[in-house]
Number of protein chains: 2
Amino acid sequence: MYIVQCTSYVVLVKGLETDFMPPNKPATPDPARTLSLLWRHTLSPLRTRGPRPSLTVDRVVEAAITIADEQGLDAVTMRSVAQAVGASPMSVYTYVPGGKTELLDLMIDVVYLRAERPDQGGLGWRERVLSVADQNRAIYAAHPWLIHASTSRPPLGPGVITKYEYELSAFDGLGLSDVEVDAALTFVLGFVQANALRAADAAALPEATAMTDAAWWEAQAELLGRVVDPTKFPRATRIGEAAGAAQGGAYQADAAYRFGMDRVLDGLGQLVERQKKV
Amino acid sequence: MYIVQCTSYVVLVKGLETDFMPPNKPATPDPARTLSLLWRHTLSPLRTRGPRPSLTVDRVVEAAITIADEQGLDAVTMRSVAQAVGASPMSVYTYVPGGKTELLDLMIDVVYLRAERPDQGGLGWRERVLSVADQNRAIYAAHPWLIHASTSRPPLGPGVITKYEYELSAFDGLGLSDVEVDAALTFVLGFVQANALRAADAAALPEATAMTDAAWWEAQAELLGRVVDPTKFPRATRIGEAAGAAQGGAYQADAAYRFGMDRVLDGLGQLVERQKKV
DNA sequence: AACAACGATGTACATTGTACAGTGTACGTC
DNA sequence: GACGTACACTGTACAATGTACATCGTTGTT
């Protein structure tokens, strides 16, 4: 048994010199089981014998999301989730056999499934795309931990797929090819994510470092003045001071979002125009 | 002594219920010391007594960068860095008193300081901005760990400032205000970072999960077919299949970069045009 | 020669994900 | 009604992390 695990892991990290079993890595990954969980299938051929389960996948996922929202992703540990649902740490693995990785996949899909998706009939494409961006921004604001979730190989559950379908529809009727529509959506969502990332850690830093933005800038400015020759870095000193000192992190992220979305929409607009002329 | 640390930490995380000293957090943060280190100042009033230092800040930072480049940021531990320079784990703190956080700041600045910055005289603004983007992309390709570094409150060392000055100069002569120039640069770099992020974890996933992109897609497609009603998600099934199955992760990131940069430059172009007319 | 300042090191602790072995429960079959 | 089997649950254990603290050793100054 142990041999099997070790062997499979050696395959997993081929090229590694050491052969010990590292901690905190893979549990038992299995795409099929994860998919079944995402769609809440009772893949087991009907459970009969044994004690009745005292929890459900949903309750576990719910607890994890609450913890992540309130205290950040780092606070989501198997132990904290277990405590939140009133079970022992290892019990969680009964409901989420894939461990923490699988749990995160489930969390992501649930959040997306719940998001609001207002009807966009009658809106122009710019309003539709802006609305999609705003919705994603709102999701990130409510669940900052989502920003750090990888977007390649997303958990293909009902939430993710519903969201994808809805967002693709914003590009209906523009004469773009399938590949272009996907690229355009990726482009928009990439911008929103990058902006949310900046906003989130700008918001987190004051607490994490026990220092306000203003205090940090003041300290840097005073010390940099003695070290840096302003004539060697004219743009950096002038623009950096203007961009940094004046505005707090939160306001800055807001301005960057509006500025960026204007550029994004203008950029897409040119693609659309070009396509219409063909 | 211990009291002082604890007290300062209570201030640090005011609002937290518990009062224990958590692990792996702050070492001794001090903006002034970090800045001195970044600029390699001998802030101490001339070291005289005591054994000669056997290492330098640069050697430590160098080792850390090498490890990060070759094995990823997770492999950069105080212990692995110490081993690489042939010292005991705790010795590292002699040269980088701020611990891992400060070490990361130093790594970032060194990488930026070394980056190539070719002369851009004679180029049009589109070429200049594209070149800036390409350079950042190349840096991320060579040092994927940089992607995860926070960009708010960057380490204001010689590398970061030189890079900032250089990149701002790409927007010279366009008639944009200081605030607009900073916003435009942030916009461009944000796109590059978002793209690099996707590319990096698309590249990392096959190794990390012992599963090729093709195998993953095949597994998902087969199972999803039984669960999802294609008529309910027409766009998602059609476009998702086209966008996902056909291309591997690496090629996809490349295409997304070219597509995105075209939109970014078009978007900025409209801003520039508008400014010229005024 | 004694002292003071500073570099180096070993030990210790709290925290993480999860493998493994063991304990108890409830249903189906005899 | 007794029994066995499948399953839920739990406690223990381990390797790895950042870094506080106390100690030891080395060097130049007094």
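A, B, ... follow the sequence lines: proteins, then strands. Residue 1 opens every chain. Quantities reported herein were computed from a predicted structural model and do not represent experimental measurements.
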Mind checking side chain to side chain donor-acceptor pair (under 3.5 Å) for A:Tyr164 and listing every partner two or more places apart, or none if nothing turns up?
-> A:Asp182

May I ask you to verify if any side-chain N or O of A:Tyr95 is less than 4.0 angstrom from the OP1 or OP2 atom of D:dC9?
-> yes

In whole angstrom, what separates B:Leu104's CG from D:dT19's C1'?
-> 17 Å

Are OP1 or OP2 of C:dG7 and a side-chain N or O of B:Ser91 less than 4.0 angstrom apart?
-> no

Determine the contact category for A:Thr77: base if any of its heavy atoms lies under 4.0 Å from a base atom, sugar-phosphate if only primed atoms, P, OP1 or OP2 are that close, otherwise nothing.
-> sugar-phosphate

Provide, to the nearest angstrom, the distance between the OH atom belonging to A:Tyr93 and the C1' atom belonging to D:dT10.
-> 14 Å

Whole-Å gap separating C1' (D:dT10) and CG (A:Leu55) = 14 Å

Would you kindly give the CE-to-P distance between A:Met78 and D:dC14, to the nearest whole Å?
-> 21 Å

Within the structure shown, what part of the strands sits under 4.0 Å from A:Val76 by heavy-atom distance: base, sugar-phosphate, or nothing?
-> sugar-phosphate

Measure from the side chain of B:Ser54, starting at C-beta and using heavy atoms only, and say which of D:dA8, C:dA8, D:dT10 lies closest.
-> C:dA8

Whole Å only: how far is the NZ atom of A:Lys100 from the P atom of C:dA19?
-> 15 Å

Minimum-distance pair of heavy atoms, taken over all atoms of A:Pro31 and B:Gln220 = CB-NE2, 3.8 Å

Which residue lies toward the 5' end of DNA chain D, A:Ser88 or A:Arg79, if each is placed at its nearest nucleotide?
-> A:Ser88

Pairing residues for A:Ala256 by the side-chain contact (heavy atoms from CB on, under 4.5 Å) criterion, not counting sequence neighbours = A:Asn195

Atom CG of B:Leu73 to atom C1' of D:dT17: distance rounded to whole Å?
-> 13 Å

Going by the salt bridge (charged side-chain N to carboxylate O under 4.0 Å, His left out) test, which pairs reach into residues 135-152 of chain B, not counting sequence neighbours?
-> B:Arg137-B:Asp254

More than 12 foreign heavy atoms under 6.0 Å from NE2 of A:His148: is that the case here?
-> no

Could you encode protein contacts along nucleotides 25-30 of chain C as a string, one character per nucleotide from 5' to 3', using B for base contact, S for sugar-phosphate-only contact and - for no contact, with a heavy-atom cut-off of under 4.0 Å?
-> BBB---

Given D:dC7, is OP1 or OP2 found less than 4.0 Å from the side-chain N or O atoms of A:Thr94?
-> no

By side-chain contact (heavy atoms from CB on, under 4.5 Å), which residues pair with A:Ser150, not counting sequence neighbours?
-> A:Ser152, B:Asp201, B:Leu205

Residues in side-chain contact (heavy atoms from CB on, under 4.5 Å) contact with B:Ala115, at least two apart in sequence or another chain | B:Arg117, B:Ile139

